[in-house]
Amino acid sequence: MLDMKLIRNDFEKAAEQLKKRGVKKEEITRLQEIDKKRRELIQESEQLKNKRNQVTKEIAEKKRNKESAEEAIHSMQEVSKEIKAIDRELEEVEKETSDIATGLPNLPHESVPVGETEDDNVEISRWGDDLISRPGDNPKPHYEIGEDLGILDFKRGAKVAQSRFVYYVGAAARLERALYNFMLDTHTTQNGYQEIITPYLVNDASMFATGQFPKFKEDVYEIENENLTLIPTAEVPLTNYYREEILSEADLPKYFTAMSPSFRSEAGSAGRDTRGLIRLHQFHKVELVKLATPENSYDELEKMTRDAEDILEKLELPYRRIVLSTGDMGFAAAKTYDIEVWMPAQDTYREISSCSNTEDFQARRGMIRFRREESGKIEYAHTLNGSGLAVGRTVAAILENYQQVDGSVKVPDVLVPYMGGMEVISSEK
RNA sequence: GGAGAAUUGUCCGAGAGGCUGAAGGAGCACGAUUGGAAAUCGUGUAAACGGCCAACGCCGUUUCAAGGGUUCAAAUCCCUUAUUCUCCGCCA
């Protein structure tokens, strides 16, 4: 949610910023008009209420003195009717205001490249170029490796659930578990995050605060006849942990990490990444969430992105970092870095982490605030989130990058202890 | 899932249509006292929205779980929902 004052006081700038994100100017103009109307109605209503409160006091006074208050009561009946009418109108206006306001994306940070699509994203850095040739000439895609070894079963996933579901069998299941344990251990012991296990179902208010609702309902699984949704990412329960609370400045920054399944309907992505672990309805992800003061949030974003990259470096998986353009950023983000891992069989980099600073966008929707030590003033915190990392995609990257000519897969050194000493994954069959 | 009880500010807790943003404690902050501390005394102790202000602030409206209703007027009466506790059932 944007700060309405920004739109009121600096309309041109807000409109221009939103235009970069594909919002039409008419929409903002309408918002400006209706916001003005809203404030007029509020003033009207409040004036009448003030009058009513005063007369009500007089009536009480008279009653106590056993005087007649008939006349005042009579005139107040009219005023009350008037107040009701104005409040009803106000309600409609407020609904339209929030319909528009809650549908507007966050304003991009000034450092974000302006563009319309992912083609306008800008590469920032690369790591591990020298490792890229490792698998040799005709690298197999990870789903073939997994099926050939008998450790990934997409067929039965589709039979028992639906397409885009999978069974991990034997060494693959162990690898997935090894990976998220390794990631959690690194983030908690080395990077200072507090480990959390969250609810996997959350209510509408939580989905609203992080920005998924109301605009992106079709992307998630909702439970019928319940005010509950399967989380599309642990970002939702982690960021909502302090919803409607006021922290003290000394509490910040807060670092949270959680491993959780993530559920996504993938509506509208039919035909994309239909095979393999890249795009499933259910996958594990180790999530990083930070709450920070506004003056520190961009430093925290850099650090968080490094924390995610560090996992790939420890796994010796080549990657690059890109900054998303204004057209490719998520709804809530002010700035987003994507980390893309090298996938040999596709001869390209694929997203494995996305680290965003939403500034006060989510905090405003969820009333996540803190009190300044100095002044005692209350401000919105900045919230950040990033994957550290998507576990299924990491499994895919390991299978492809660590495949060997005989069809087996070497286990990355750092994972061997987590795999009970296993150094090579060979056929389960 | 069935039956009953509860939900008031940071916490405990009064209040039972008008004098209640809310008694009384506790906590916390500041000040006095002290060599310093404890004790004691004094003062203060919410948020949202709207208006005014360069700013410190000031004014108004709202808020006693949430939403709706009755009334000139609701913490207080009525309805719906949520949460918590107790008993029964079921269950890892």
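Every chain is numbered from 1 and lettered A, B, ... according to where its sequence line falls, protein lines coming before strand lines.
Ring-plane geometry between A/Tyr193 and A/Tyr255 is classed as tilted, the angle between the planes lying from 30 to 60 degrees on a 0 to 90 degree scale.
Between A/Asp10 and A/Lys5 there is no salt bridge, since no side-chain nitrogen of the basic residue lies less than 4.0 Å from a carboxylate oxygen of the acidic one. A salt bridge is defined here as a Lys NZ or Arg NE, NH1 or NH2 lying under 4.0 Å from an Asp or Glu carboxylate O, and A/Glu245 with A/Arg369 fails to meet this definition. Electrostatic pairing of A/Asp35 and A/Arg39 counts as a salt bridge here, judged by a charged N lying under 4.0 Å from a carboxylate O. Electrostatic pairing of A/Lys254 and A/Glu300 does not count as a salt bridge here, judged by no charged N lying under 4.0 Å from a carboxylate O. A salt bridge links A/Arg364 to A/Asp3: one of the charged nitrogens lies within less than 4.0 Å of a carboxylate oxygen.
Rounded to whole Å, the separation between the P atoms of B/G13 and B/U61 comes to 32 Å. Rounded to whole Å, the C1' atom of B/A74 lies 27 Å from the corresponding atom of B/C85. B/A65 and B/C11 are spaced 13 Å apart, taking the P atom of each and rounding to whole Å. One C1' atom belongs to B/A75, the other to B/G15, and the distance between them is 8 Å to the nearest Å. A gap of 14 Å separates the C1' atoms of B/G9 and B/C28, to the nearest Å. Across B/C12 and B/U8, the matching P atoms stand 7 Å from one another, rounded to whole Å. Nucleotides B/C30 and B/A39 are separated by 15 Å at their P atoms, to the nearest Å. Separating the C1' atom of B/C77 from that of B/C64 is a span of 16 Å, rounded to the nearest Å.
For A/Asp35 and B/G50, the CG to P distance is 8 Å, given to the nearest whole Å. What separates CG of A/Leu48 from P of B/G50 is a distance of 19 Å, to the nearest Å. Protein atom CD1 of A/Ile246 is 16 Å distant from nucleotide atom P of B/U45, rounded to whole Å. Atoms NZ (A/Lys5) and C1' (B/G50) sit 10 Å apart, rounded to a whole Å. Computed from coordinates, the A/Glu245 CD to B/A47 P distance equals 15 Å when rounded to whole Å. Between the CD atom of A/Glu44 and the P atom of B/G50 there is a distance of 16 Å, given to the nearest Å. Atoms CZ (A/Arg369) and P (B/U10) sit 11 Å apart, rounded to a whole Å. The distance from atom NZ of A/Lys37 to atom C1' of B/C49 is 18 Å, rounded to the nearest whole Å.
Along RNA chain B, the nucleotide closest to A/Ile378 and the one closest to A/Gln54 are compared, and the more 5′ of them pairs with A/Ile378. Mapping A/Lys377 and A/Lys49 onto RNA chain B via the closest heavy atom, the residue that lands nearer the 5' end is A/Lys377.
Distance alone, capped at 3.5 Å, places no donor-acceptor pair between the A/His382 side chain and the A/Leu291 backbone.
Ranking B/U61, B/A47, B/C56 by closeness to the A/Glu46 side chain, first place goes to B/U61. Here the side chain of A/Ile42 is nearest to one of B/G60, B/A47, B/G50, namely B/G50. In this structure, the nucleotide among B/C56, B/A48, B/G50 sitting nearest to the side chain of A/Met367 is B/A48.
Not one side-chain nitrogen or oxygen of A/Asn53 sits closer than 4.0 Å to the OP1 or OP2 atom of B/G18. Not one side-chain nitrogen or oxygen of A/Arg39 sits closer than 4.0 Å to the OP1 or OP2 atom of B/C49. When the side-chain nitrogen and oxygen atoms of A/Asn50 are compared with OP1 and OP2 of B/U61, one or more of them lie within a distance under 4.0 Å.
When heavy atoms are screened at a 4.0 angstrom cut-off, A/Lys36 is found touching no nucleic acid atom at all. Among the heavy atoms of the strands, none lies under 4.0 Å from A/Asn227. Nucleic acid contact class of A/Arg364 (heavy atoms, under 4.0 Å, all strands): none.
Between the base of B/G51 and the side chain of A/Gln43 there is no donor-acceptor pair shorter than 3.5 Å.
A/Leu184 and A/Thr257 get closest at one heavy-atom pair: CD2-OG1, 3.8 Å. Across every non-hydrogen atom of A/Ser325 and A/Asp120, the tightest pair is CB-O, 3.5 Å.
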Revision key, fill the gap. For nucleotides 64-85 of chain B, 5' to 3', base contacts (B), sugar-phosphate-only contacts (S) and non-contacts (-) with protein non-hydrogen atoms under 4.0 Å give ------S-BS------------
Exercise for review: Could you provide the dot-bracket string of RNA chain B, using ( ) for intrastrand pairs, [ ] for crossing pairs and | for bases paired to another strand, with Watson-Crick or G-U pairs below 3.5 Å?
Suggested key: ((((((((.[[[..)..(.....]]]((((((.......))))))(((((((....))))))).[[[[[..)....]]]]])))))))....
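Under the 3.5 Å distance criterion, with hydrogens and angles disregarded, a donor-acceptor pair is assigned to the side chains of A/Glu266 and A/Ser269. In this model, a donor atom of one side chain and an acceptor atom of the other lie less than 3.5 Å apart for A/Glu235 and A/Gln362.
The local environment of CD in A/Glu33 is crowded, with over 12 non-hydrogen atoms from other residues, nucleotides or ligands closer than 6.0 Å.
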